[in-house]
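Notes follow the structure.
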Amino acid sequence: TEIQGILCDGGIMKVTTVFHTNGTIACCFLAKSVPIQNIPCEASVLDPVYFYETGKLKSCTLSESIVIEGRKHKKGSKVSFDENGGLIKE
């Protein structure tokens with residue numbers, strides 16, 4: 001089901017999509033791996049994608065390797081961002 005431009009999946013396990021009080025998506029499980037705000041996010045029934053109330057990407061698991069802010073991150077890595085889109089270094 002496409003919600004706010006994101007293809008979310010309830011899947012076999014009937015996982016839920018959660019919303020912020022303002023109606024924007026807080027987290028969902030992707031139906032397929034897609035780039036979200038230029039970040040390649042992986043579809044998974046174990047790792048949801050999280051969003052801020054503004055709709056900006058908060059965290060996801062990478063579907064491919066990528067360089068973010070000069071640092072290489074491998075496929076399968078979890079990445080998190082602050083509300084301005086900056087990488088949170090873990």
Side-chain angles (χ1 to χ4, degrees):
T1 303
E2 187 172 319
I3 304 170
Q4 299 170 13
I6 306 293
L7 191 58
C8 301
D9 186 17
I12 298 169
M13 301 178 72
K14 302 291 183 201
V15 292
T16 59
T17 298
V18 179
F19 296 89
H20 292 288
T21 56
N22 69 356
T24 60
I25 296 176
C27 72
C28 73
F29 291 85
L30 298 177
K32 64 179 186 175
S33 296
V34 294
I36 298 175
Q37 298 163 19
N38 297 318
I39 302 297
C41 298
E42 184 169 89
S44 168
V45 295
L46 300 176
D47 295 313
V49 175
Y50 292 91
F51 299 89
Y52 288 103
E53 285 187 41
T54 59
K56 288 190 176 184
L57 182 63
K58 186 173 187 178
S59 67
C60 74
T61 300
L62 296 174
S63 63
E64 60 186 67
S65 296
I66 186 175
V67 174
I68 305 170
E69 295 180 6
R71 293 182 58 202
K72 185 171 183 174
H73 298 270
K74 293 182 181 180
K75 175 183 177 176
S77 299
K78 292 183 182 184
V79 291
S80 299
F81 302 92
D82 62 27
E83 291 187 68
N84 296 315
L87 183 67
I88 296 173
K89 295 173 177 56
E90 299 174 359

What is the minimum heavy-atom distance between [X] and [Y], and which atoms define it?
{"X": "I3", "Y": "F19", "result": "CG2-CE2, 3.8 Å"}
{"X": "H20", "Y": "F51", "result": "NE2-O, 2.9 Å"}
{"X": "H73", "Y": "S77", "result": "C-OG, 4.3 Å"}
{"X": "F81", "Y": "Y52", "result": "O-OH, 2.5 Å"}
{"X": "C8", "Y": "T17", "result": "CB-OG1, 3.8 Å"}
{"X": "T61", "Y": "G76", "result": "CG2-O, 3.5 Å"}

So, the side chain of [X] versus the backbone of [Y]: is there a donor-acceptor pair under 3.5 Å, distance only?
{"X": "S44", "Y": "L46", "result": "yes"}
{"X": "N84", "Y": "G86", "result": "no"}
{"X": "E42", "Y": "D47", "result": "no"}
{"X": "S65", "Y": "K75", "result": "yes"}

Within a radius of less than 6.0 Å around CG of N22, do more than 12 heavy atoms belonging to other residues, nucleotides or ligands occur?
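Counting other residues, nucleotides and ligands, CG of N22 exceeds 12 neighbours.
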Do the side chains of [Y] and [X] get nearer than 4.5 Å, heavy atoms only?
{"X": "T54", "Y": "T24", "result": "no"}
{"X": "V34", "Y": "L7", "result": "no"}
{"X": "V18", "Y": "P48", "result": "no"}

Between [atom1] on residue [X] and [atom2] on residue [Y], distance to nearest 0.5 Å:
{"X": "K58", "Y": "E53", "atom1": "NZ", "atom2": "CD", "result": "9.5 Å"}
{"X": "I25", "Y": "Q4", "atom1": "CD1", "atom2": "CD", "result": "4.5 Å"}
{"X": "C41", "Y": "E64", "atom1": "SG", "atom2": "CD", "result": "10.0 Å"}

In this structure, would L87 and Y50 fall into the same cluster of hydrophobic residues linked by side-chain contacts under 4.5 Å?
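Unlinked, L87 and Y50 end up in two clusters.
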Could you go step by step and tell me if L30 and C28 meet the side chain to side chain contact (heavy atoms under 4.5 Å, CB included) rule?
CA-CA 6 Å; L30 298 177; C28 73; 4.2 Å; yes
